[in-house]
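Remarks on the structure that follows.
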Amino acid sequence: MTDAAALPGRPRGLVASGPATDRAVNVLAPNPSAMTLDGTNTWLLSEPGSGLAVVVDPGPLDEGHLRRVIDTAQELGKRIALTLLTHGHPDHAEGAGRFAELTGTHVRALDPALRLGEEGLGEGDVVAVGGLELRVVPTPGHTSDSLSFHLPADRAVLTGDTILGRGTTMVAHPDGRLGDYLDSLRRLRSLTVDDGVHTVLPGHGPVLEDAQGAVDYYLAHRASRLAQVETAVERGHRTAADVVAHVYADVHRSLWPAAELSVRAQLEYLRERGLI
């Protein structure tokens, strides 16, 4: 068995509902799959001693899960005051409307179509609720509307699908763009250098204890895959499907459709730079 401490990002271990940092509690959604790993991590955030909480990514439209999030807050003596979204994929955002009904909260997101209330989210925004402070970090690439949330007091960052707790994420072409994604990874790395962030609270998978190690692994993995795609094209593999079969032979076939989206993004990136 591989020691978790030796894996990229030093994953904490099994994924489960419960406290992750002083201010973050996970409520794991019951939607495990090859794409969602153990399920969606719905994050309940609150300043110690405060009676107010923020929820990030209510998850799928699953009544039982949404009510478990509310019950967890109540058990901790918290009232949910605001809902935030990292991005609009259904496994993160489909339940947001119903959750807003149940909690009487507004939903803030980058995409206006996902908002409930007048306030959105954008670069430089600071979300402050009950003494809790979250800084909004745009991290497009997985999707155009992807955001991360920097939690300075815990030296942590909530990354949605930009960095996962296990494996790597896809660039959801055509909405997602590889150039944007690489820039976002570099921006997250700067948080580890300039702001001392060491913990990743991902949208799926276990908490990562080594944020910088996780980002470095992602950057190296992307560079390696990009070189493999470029070589595959040079050898005559012209379509995205052909490239996937050649480059992603080590990936389970159930994930090839997602891999094809990433390959399309990589091919676009290479063409834009005149490399193929």
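Atom CG of residue Asp161 and atom OG1 of residue Thr168 lie 11.5 Å apart, to the nearest 0.5 angstrom.
At a cut-off of 3.5 Å, with distance as the only test, no side-chain donor of Asn31 or Thr36 sits close to an acceptor on the other residue. Between the side chains of Arg225 and Gln266, no donor-acceptor pair of N or O atoms lies under 3.5 Å. No hydrogens or angles considered: a donor-acceptor pair under 3.5 Å links the side chains of Ser148 and Thr139. No side-chain donor-acceptor contact under 3.5 Å links Asp175 and His142.
Residues passing the side-chain hydrogen bond (donor to acceptor under 3.5 Å, both in side chains) test with Asp91, sequence neighbours excluded: His204. In this view, Thr105 and Thr83, Thr103 satisfy the side-chain hydrogen bond (donor to acceptor under 3.5 Å, both in side chains) rule, not counting sequence neighbours. Partners of Arg135 under the side chain to side chain contact (heavy atoms under 4.5 Å, CB included) rule, at least two apart in sequence or in another chain, are Val126, Glu133, His150, Pro152, Asp195.
Residues Glu230 and Arg235 are not paired through a salt bridge, judged by the lack of any N-O separation under 4.0 Å between the basic side chain and the carboxylate. Salt-bridge annotation for Arg186 and Asp183: present, with a side-chain N of the basic residue lying under 4.0 Å from a carboxylate O of the acidic one. We find that Glu63 and Arg67 are joined by a salt bridge, their nearest charged nitrogen and carboxylate oxygen being less than 4.0 Å apart. Salt bridge annotation for Arg264-Glu260: present, with a cationic side-chain nitrogen under 4.0 angstrom from a carboxylate oxygen. No salt bridge links Glu75 with Arg68; every basic N to acidic carboxylate O contact stays at or beyond 4.0 Å. Salt-bridge formation is not detected for the pair Arg271/Glu268: no Lys NZ or Arg NE/NH1/NH2 atom is positioned less than 4.0 Å from an Asp or Glu carboxylate oxygen.
Screening residues 248-275 for ring pair (Phe, Tyr, Trp, His ring centres under 6.0 Å) gives no qualifying pairs among residues at least two apart or on separate chains. Sequence neighbours left out, not one pair with a member in residues 101-127 passes ring pair (Phe, Tyr, Trp, His ring centres under 6.0 Å).
Heavy-atom minimum distance, Leu44 versus Ala53: CD1-CB, 3.8 Å. Nearest heavy-atom pair across Val215 and Leu185 is CG1-O, 3.2 Å. Shown here for Pro206 and Pro11, the closest heavy-atom pair between the two residues is CG-CB, 3.6 Å. Summarising the geometry of Pro140 relative to Ser184, their closest heavy-atom pair is O-OG, 2.6 Å, with the distance given to 0.1 Å.
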- Please test Gln212 against Val193 for side-chain contact (heavy atoms from CB on, under 4.5 Å), starting from the C-alpha separation and ending with a verdict. CA-CA 8 Å; Gln212 188 172 120; Val193 174; 3.7 Å; yes
- Task: List the steps, then state whether side-chain contact (heavy atoms from CB on, under 4.5 Å) holds for Leu114 with Asp145.
- Result: CA-CA 10 Å; Leu114 299 172; Asp145 70 328; 3.7 Å; yes
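His92 pairs with exactly one of Thr143, Asn41, Thr42, Asp57 by the side chain to side chain donor-acceptor pair (under 3.5 Å) rule, that one being Asp57.
Formation of a donor-acceptor pair under 3.5 Å by the Arg12 side chain with backbone atoms of Ala20 is found in this model.
The hydrophobic clustering, which links ILVMFWY residues whose side-chain heavy atoms are closer than 4.5 Å, places Leu191 and Leu134 apart. Criterion: ILVMFWY side-chain heavy atoms under 4.5 Å apart, direct or through other members. Under it, Leu84 and Leu201 are part of a common hydrophobic cluster. Phe149 and Leu85 fall into different hydrophobic clusters, where Ile, Leu, Val, Met, Phe, Trp and Tyr residues are linked whenever their side-chain heavy atoms come under 4.5 Å apart, directly or through other members.
The aromatic rings of Tyr218 and Tyr181 sit tilted, their planes meeting at an angle between 30° and 60°.
Other residues sharing the hydrophobic cluster of Leu28, ordered by chain and number and joined by side-chain separations under 4.5 Å: Val15.
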